[in-house]
Amino acid sequence: MEDLIEAEELEGFPGAPFTGAIVEAVGARIRAEAGWHIAPKVTETVEIWTDGGISTILPSLRIVEVTAVRDADTNREIRGWRVNKDTGVLRCRGGVWPEVIEVDLVHGYDACPPELLAVAASRSQQISSGGVKAEALGGHSITFDTGEPVSSVPAVARYRLHWRP
């Protein structure tokens with residue numbers, strides 16, 4: 001899968017340029033906190049354990065298209081479903097879902113949302129500086145910034161799945 005952010009996208013932010021390795025690590029951390037890949041748009045098959053009801057939730061906050069749904073045990077195509085792209089709810093019309101389904105879908109943003117670029121630049125700058133928050137010369141004091149958890153940053157919270165598949 002492509003990286004969430006490329007180092008070139010952070011040019012112009014304080015502390016740039018950042019190495020590709022730092023930006024890759026920051027992007028991976030944001031994705032882990034969000035619980036899904038966010039960007040770029042991908043086509044993939046996801047396996048979902050259902051509760052046997054008529055609705056289940058897809059592990060994405062940006063559904064572009066669902067192309068197929070199958071019973072994961074029998075590989076039988078399931079017809080008569082409907083997806084709400086805004087909420088990610090997949091509904092089985094005329095029955096209930098089997099225990100495990102496979103869903104072929106296209107999801108994600110075309111590119112990393114701009115507000116997440118600012119978070120990534122801030123995190124990259126923190127890593128590049130070695131996490132030093134403050135230094136003092138006379139008393140030889142160095143304070144390290146342990147960093148705010150990415151999930152507590154409001155911009156990241158808007159892209160976080162509020163449940164885990």
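Values below: every heavy atom of this structure, side chains too, minus hydrogens, waters and symmetry copies.
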Do Val64 and Tyr109 sit in the same hydrophobic cluster, where Ile, Leu, Val, Met, Phe, Trp and Tyr count as joined when their side-chain heavy atoms come under 4.5 Å apart?
no

Between the CG atom in Leu10 and the CG atom in Leu117, the distance rounded to the nearest 0.5 Å is 6.0 Å

Val83 vs Leu105 side-chain heavy atoms within contact, under 4.5 Å: no

To the nearest 0.5 Å, atom CD1 of Ile101 lies from atom CD1 of Ile48 at 5.0 Å

Trp36 versus Pro59: any side-chain heavy-atom pair under 4.5 Å? no

d(Arg70 CZ, Glu47 CD) to nearest 0.5 Å is 10.5 Å

Inset, instruction - May I ask you to test the Cys92-Val69 pair for a side-chain heavy-atom distance under 4.5 Å? - result: no

Subject >> Single-linkage hydrophobic cluster Ile78~Val46, side-chain heavy atoms < 4.5 angstrom >> reply: yes

Tightest non-hydrogen contact, residues Ala39 and Cys112, listed as CB-N, 3.6 Å

Sequence neighbours excluded, the answer for side chain to side chain contact (heavy atoms under 4.5 Å, CB included) partners of Arg91 is Ile54, Ser55

Interatomic distance, CZ@Arg79 vs CZ@Arg93, rounded to 0.5 Å, equals 13.5 Å

In short, His37 meets Pro40 closest at the heavy-atom pair NE2-O, 3.0 Å

- Item | Greater than 12 external heavy atoms within 6.0 Å of Glu115's CD | yes

For Ala7, the side chain to side chain contact (heavy atoms under 4.5 Å, CB included) test, sequence neighbours excluded, returns Val23

Item checked: ILVMFWY network linking Ile38 to Leu161, side-chain heavy atoms under 4.5 angstrom -> yes

Report task. Could you state whether Leu4 and Phe13 fall into the same hydrophobic cluster, counting links through intermediate Ile, Leu, Val, Met, Phe, Trp or Tyr residues with side-chain heavy atoms under 4.5 angstrom apart? Result -> yes

Sequence neighbours excluded, the answer for side chain to side chain contact (heavy atoms under 4.5 Å, CB included) partners of Asn84 is Asp86, Thr87

Would you find a donor on one side and an acceptor on the other, under 3.5 Å apart, between the side chain of Asp3 and the backbone of Ile5? no

- Task: Answer yes or no: is there a side-chain heavy-atom contact under 4.5 Å between Trp81 and Val66?
- Result: yes

Interatomic distance, CG@Asp104 vs CD@Glu44, rounded to 0.5 Å, equals 10.0 Å

Between Ala155 and Leu116, the two heavy atoms sitting closest are O-CD2, 3.7 Å

| So do the side chains of Thr43 and Glu65 get within less than 4.5 Å of each other, counting heavy atoms only? | no

query: Is there a side-chain contact between Phe18 and Ile127 (heavy atoms, below 4.5 Å)?
result: no

Within the 4.5 Å heavy-atom criterion, are Val42 and His107 side-chain neighbours or not? yes

